[in-house]
Amino acid sequence: MERTQIKNISNKEIDSSFLISGWVEKVRDHGGVIFLDIRDASGLMQVVVEPDDKDLFKKSESIRMSYVLEVTGILRKRPKGTINESLASGELELVSKEIDILSKSKPLPFQLDEHAKVGEEVRLKYRYLDLRRPEMQSNLKIRSQVNHIVRSHLIEDEFIEIETPMMARATPEGARDFLVPSRLYNQKFYALTQSPQLFKQMLMIGGFEKYFQIVRCFRDEDTRKDRQPEFTQLDIELSFISEEEILKISESLIKRIFFETLNIEFDDFQRIKYQEAIKDYGSDKPDLRNPLKLVDVKDIFENSSFKVFADPAKNEKARIVALKIEQEISRNKIDEYTKFVGNFGAKGLAYIKVNDSTDLDNGLQSPILKFLSKEEISSLVERLELSSGDTVFFGADHRNVVNDSMGSLREKLGEDLNLIDKEAFKFGWITDFPLFEEDIQGNLSPSHHPFTASQGGLKELKRDPANAVAKAYDLILNGSEIGGGSLRINSLDEQLEVLSILGIDKKEADEKFGFFLEALSYGCPPHGGIAFGLDRLIMLLCKQESIRDVIAFPKTQSATCLLSDAPSLIDQDQLDMLSIKVLEEDK
RNA sequence: GGACCGGUAGUUCAGUUCUGGUUAGAACGCCGCCCUGUCACGGCGGAGGUCGCGGGUUCGAGCCCCGUCCGGUCCGCCA
């Protein structure tokens with residue numbers, strides 16, 4: 001008899017015979033009758049073992065959880081009063097006639113049922129067991145569905161899926177590379193690609209006008225809950241295209257993914273210029289579900305006698321913001337938040353509690369009140385529209401410190417005070433990024449990557465690189481950056497100029513990516529694209545806290561695989577073949 | 001590179017500080033017996049612990065101190 005998947009057993013076929021196979025999820029042995037819950041990839045079915053067949057019954061008494069069985073039996077309706085409403089097959093059961101034990105199982109190291117909490121360490125060590133849990137099955141099914149939607153959507157739109165090398169040459173800039181030693185050329189190494197950036201640009205030069213790829217990327221940087229050393233991008237690039245068109249194409253793809261997986265429809269995504277995002281949220285990837293906004297108050301303190309505010313008020317690279325909470329915050333909590341902003345370089349966290357907004361002389365409470373003038377206080381009350389019960393936090397420092405610390409505090413308060421609708425998906429496009437980022441020392445580095453075109457072109461780039469605006473954009477969702485892209489430089493002169501601003505002269509540029517610079521000089525179409533972090537997107541889609549829950553075999557925070565114990569030591573023979581000598585220990 | 005939280009039975013945890021003290025507990029799981037309609041079945045009984053590891057303090061350490069490893073969250077980093 002052929003196997004039938006559990007989901008395909010329907011009411012219509014009562015009294016006929018079926019063969020099902022799967023894992024024993026639960027055994028309920030009542031002495032005189034035994035129930036076995038059998039699960040396959042498609043569903044769950046209750047198998048009944050009745051006592052009339054003595055041999056079968058005896059055999060069944062030895063069956064334990066997680067045994068793999070093949071059961072032949074007659075399908076019947078469950079007796080009245082024994083129907084399980086919470087089960088798809090809850091009105092049915094299979095009365096066993098024959099049971100084959102295909103594989104026994106030791107007791108599992110942890111319970112798979114939804115009621116048992118299990119630590120991630122054990123789950124990762126026995127990932128193959130963890131993957132049997134319905135939640136993991138569902139996450140990876142959705143992931144497969146998303147891949148499928150991406151491919152159909154883009155191929156219907158005449159995109160071409162092209163694979164690019166994973167073993168490439170190391171390039172300067174960007175993240176640390178994972179290196180692959182070359183056996184044939186000792187002393188030489190490949191680098192695993194951090195992204196197919198240059199290859200996809202050369203595909204445009206190669207005449208493919210619409211490219212995409214679902215591609216693994218590698219970056220040797222420390223992990224986070226939404227970052228691990230190998231991750232998957234949906235990479236897209238088009239020629240003869242405008243920023244507007246790329247945003248439209250991306251948006252329709254993302255909307256289709258959410259519609260076909262979760263049946264949710266969205267209005268057009270909100271667009272926010274980078275400078276606006278920083279001004280309102282202190283972040284270029286704000287969680288738009290969070291209603292809190294930063295308010296600039298620098299001008300109020302220009303002539304202040306309070307040094308902590310007065311100094312930044314006079315410094316053009318500094319920023320002073322207020323963050324108003326319409327709630328009272330306890331001293332304990334304020335201390336916690338003070339420590340929290342300290343992580344981002346803030347030297348303290350000034351606050352004012354508004355006990356009675358009608359009495360500015362006695363109704364406010366704060367250690368900084370004695371330093372503030374009446375005019376300053378009433379300006380604050382007016383600008384922040386303070387009312388009784390409010391708490392206001394202040395950040396005053398170099399603008400980077402203020403943006404990082406107060407932006408993060410905004411997110412944390414949103415979480416702590418339950419201001420965020422966990423069910424909602426809030427997308428946004430962040431546009432008009434600066435071409436370069438300036439650190440506190442004033443050094444420039446690419447804010448996207450060094451192949452990004454600027455809005456002002458070569459002239460403006462030469463005149464004022466620090467303020468050049470890029471043709472670059474990010475897609476954000478619920479506080480995560482889930483995609484980012486740009487229009488690319490398609491002229492050799494502009495490309496060389498950007499590299500030189502970054503401190504890479506012509507000689508080094510030729511040495512490190514001369515191949516690409518040469519490609520630019522043989523008729524390069526205007527082009528641009530975007531890359532989405534698929535792991536992150538799917539994590540959010542599946543309402544998971546970590547990308548590890550949407551990756552079948554993820555790495556830990558310290559970049560190891562607990563299942564296979566990678567990375568591992570290598571035999572001397574293998575090292576010799578690669579002409580590699582391993583130093584005894586870290587210096 | 002740094003900060004913080006955690007590591008006690010197969011699993012999830014309590015016990016750990018203020019206050020070190022005879023035999024380290026619970027629940028689930030596991031094993032045995034009983035049970036003919038359960039579905040997180042039920043009842044009775046039982047087994048199960050290098051308290052992450054190493055060192056120190058002490059008459060005595062799961063508990064205090066130092067170091068270290070592992071897991072997690074974050075800062076730096078991630079063009």
Side-chain angles (χ1 to χ4, degrees), chain A residues 25-37 44-52 57 61 64-66 78-87 89-90 93 95 105-126 129 171-177 194-195 197-198 217-229 231 336 339-346 401 404-405 408 411-412 433 435-437 439 444-452 470 472 481 484 486 498-499 502 504 531 533 545-546 548 555-558 560 562 565 586:
Chain A
E25 174 149 307
K26 202 82 202 180
V27 180
R28 290 179 297 278
D29 183 347
H30 286 242
V33 60
I34 300 171
F35 301 100
L36 303 169
D37 287 345
L44 190 90
M45 173 64 69
Q46 172 165 284
V47 168
V48 189
V49 188
E50 295 182 324
D52 30 307
F57 197 80
E61 285 181 314
R64 296 290 177 266
M65 274 201 272
S66 293
R78 292 196 190 184
K80 272 208 181 99
T82 66
I83 288 167
N84 186 346
E85 303 276 348
S86 58
L87 202 62
S89 65
E93 61 190 12
V95 186
S105 171
K106 293 194 286 187
L108 301 184
F110 59 94
Q111 287 161 255
L112 302 183
D113 57 285
E114 71 256 47
H115 310 285
K117 279 187 297 177
V118 190
E120 205 168 3
E121 205 171 342
V122 203
R123 287 177 52 202
L124 291 181
K125 180 166 181 196
Y126 301 97
L129 299 179
T171 49
E173 295 293 325
R176 274 187 288 268
D177 287 314
Q194 296 180 23
S195 86
Q197 185 59 37
L198 292 179
C217 303
F218 306 88
R219 294 178 192 174
D220 188 4
E221 297 295 345
D222 290 351
T223 65
R224 290 288 186 278
K225 65 181 172 182
D226 63 353
R227 246 165 57 190
Q228 67 153 40
F231 59 97
E336 186 191 319
K339 218 172 143 191
F340 177 79
V341 295
N343 290 335
F344 302 89
V401 171
D404 286 352
S405 59
S408 302
E411 303 279 335
K412 187 168 174 60
F433 273 80
L435 192 59
F436 301 106
E437 270 164 14
D439 64 20
L444 294 184
S445 62
S447 85
H448 185 51
H449 57 51
F451 314 105
T452 304
E481 177 202 328
S486 61
V498 168
L499 292 174
L502 296 172
I504 300 171
E545 286 294 315
S546 159
R548 293 187 294 273
K555 303 267 185 296
T556 65
Q557 178 146 54
S558 42
T560 64
L562 292 180
D565 201 24
D586 291 357

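In what follows, chains carry the letters A, B, and so on, assigned in the order in which the sequence lines appear, proteins first and then strands, with residues in each chain numbered from 1.
With a cut-off of 3.5 Å on both pairing distances, the Watson-Crick or G-U wobble partner of B:C53 is B:G67. For B:C77, there is no paired nucleotide, since no Watson-Crick or G-U wobble pair has both relevant distances below 3.5 Å. Across all strands shown, B:G32 forms a Watson-Crick or G-U wobble pair, both distances under 3.5 Å, with B:C44. A 3.5 Å limit on both hydrogen-bonding distances identifies B:C13 as the Watson-Crick or G-U partner of B:G25.
Not one side-chain nitrogen or oxygen of A:Arg78 sits closer than 4.0 Å to the OP1 or OP2 atom of B:U38. In this model, the phosphate group of B:C75 is not approached by any side-chain N or O of A:Arg227 to a distance below 4.0 Å at OP1 or OP2. The side chain of A:Thr82 contributes no N or O atom lying less than 4.0 Å from OP1 or OP2 of B:U38. Residue A:Lys26 places at least one side-chain N or O under 4.0 Å from the OP1 or OP2 atom of B:C41. Look at A:Gln557 and you'll find a side-chain N or O under 4.0 angstrom from OP1 or OP2 of B:U73. An OP1 or OP2 oxygen of B:C41 is reached within less than 4.0 angstrom by a side-chain nitrogen or oxygen of A:Arg28. Contact between the side-chain N/O atoms of A:Thr223 and the OP1/OP2 oxygens of B:C74 is not found at any separation under 4.0 Å.
No hydrogens or angles considered: a donor-acceptor pair under 3.5 Å links the side chains of A:Gln46 and A:Arg28.
Rounded to whole angstrom, the span from the CD atom of A:Glu114 across to the C1' atom of B:C39 amounts to 12 Å. The interatomic distance linking A:Gln111 (CD) with B:A40 (C1') rounds to 10 Å, in whole Å. The CG-C1' distance, from A:Leu129 to B:U11, rounds to 13 Å in whole Å. For the pair A:Glu121 CD and B:C69 C1', the computed distance is 11 Å after rounding to whole Å.
Both A:Ser86 and A:Ala175 sit near RNA chain B, but only A:Ser86 has its closest nucleotide nearer the 5' end. The nearest heavy atom of RNA chain B to A:Asp37 and to A:Phe110 marks one nucleotide each, and the one closer to the 5' end goes with A:Phe110.
Ring geometry for A:His30 versus A:Phe35: interplanar angle over 60°, hence perpendicular rather than tilted (30 to 60°).
Taking the ring axis of A:Phe340 as reference, the NZ or CZ atom of A:Lys412 stays within 45° of it and closer than 6.0 Å to the ring centre.
Looking at A:Asn84, its side chain comes within 3.5 Å of the base of B:C39 through a donor and an acceptor atom. A:Arg224 contributes a side-chain N or O that forms a donor-acceptor pair with the base of B:G76 under 3.5 Å. Between the side chain of A:Glu93 and the base of B:G37 there is at least one donor-acceptor pair of N/O atoms closer than 3.5 Å. On a pure distance criterion of 3.5 Å, a polar donor-acceptor pair joins the side chain of A:Gln46 and the base of B:U38.
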Carefully, step by step, assess A:Glu120 and A:Lys125 under the rule salt bridge (charged side-chain N to carboxylate O under 4.0 Å, His left out). CA-CA 9 Å; A:Glu120 205 168 3; A:Lys125 180 166 181 196; over 6 Å; no
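The side-chain ring of A:His30 is stacked on the base of B:C41, judged by centre separation under 5.5 angstrom and plane angle under 30 degrees.
With hydrogens and angles disregarded, a donor-acceptor distance shorter than 3.5 Å links the side chain of A:Ser195 to the backbone of A:Gln197.
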